[in-house]
A.B. asks: 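Take a look at this one; I'll ask things after.
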Amino acid sequence: MALSLSAAVLLGIIVFVLLKGGYVRAGSMLACTLFGFTLAATGLAPIINSGLASLAGLISSL
């Protein structure tokens with residue numbers, strides 16, 4: 001059975017677990033989230049997206 005999750009959902013779950021576990025504080029999470037939104041508006045966004053797509057393709061082929 002194949003399970004399909006978007007990267008946003010998977011990363012959201014990881015951030016939630018880290019926040020609840022006390023590994024990441026709310027201020028750090030907010031700073032990282034804002035950095036991600038800012039990074040998405042730059043010219044690096046297509047490169048990051050293609051890298052994530054390649055990684056997902058690699059993982060799915062295993």
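Here, residue 1 is the first one in the sequence, and each next residue gets the next number. These figures come from a predicted structure and were not determined experimentally.
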A.B. asks: Do you know which two heavy atoms are closest between Ser60 and Gly57, and how far apart they sit?
C.D. replies: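 Answer, listing the atom of Ser60 first, then Gly57: OG-O, 3.0 Å.
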
A.B. asks: Are Leu55 and Ile13 connected in the hydrophobic side-chain network, where two residues link if heavy atoms are under 4.5 Å apart?
C.D. replies: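 No; Ile13 is not reachable from Leu55 via cluster members.
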
A.B. asks: State, to 0.1 Å, how close Gly43 and Ile47 come at their nearest heavy-atom pair, and which atoms those are.
C.D. replies: O-CD1, 4.4 Å

A.B. asks: Indicate, with yes or no, if Leu52 and Leu39 share a hydrophobic cluster defined by side-chain heavy-atom contacts under 4.5 Å among Ile, Leu, Val, Met, Phe, Trp and Tyr.
C.D. replies: yes

A.B. asks: Do Val15 and Tyr23 belong together in a cluster built from hydrophobic side chains that touch within less than 4.5 Å?
C.D. replies: yes

A.B. asks: I need the minimum non-hydrogen distance between Met29 and Leu19, along with the two atoms involved.
C.D. replies: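 Shortest heavy-atom separation between Met29 and Leu19 comes out as SD-CD2, 3.6 Å.
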
A.B. asks: Which pair of non-hydrogen atoms, one from Ala40 and one from Ala45, has the smallest distance, and what is that distance?
C.D. replies: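 Heavy atoms only, the tightest pair is O-CB, 3.3 Å.
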
A.B. asks: Transitively linked via ILVMFWY side-chain contacts under 4.5 Å: Leu44 with Phe35?
C.D. replies: yes

A.B. asks: Please answer: with hydrophobic residues joined when any side-chain heavy atoms are less than 4.5 Å apart, are Leu11 and Phe16 in the same cluster?
C.D. replies: no

A.B. asks: What's the separation between atom OG in Ser54 and atom CG in Asn49, rounded to the nearest 0.5 Å?
C.D. replies: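 Going from the OG atom of Ser54 to the CG atom of Asn49 covers 10.5 Å.
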
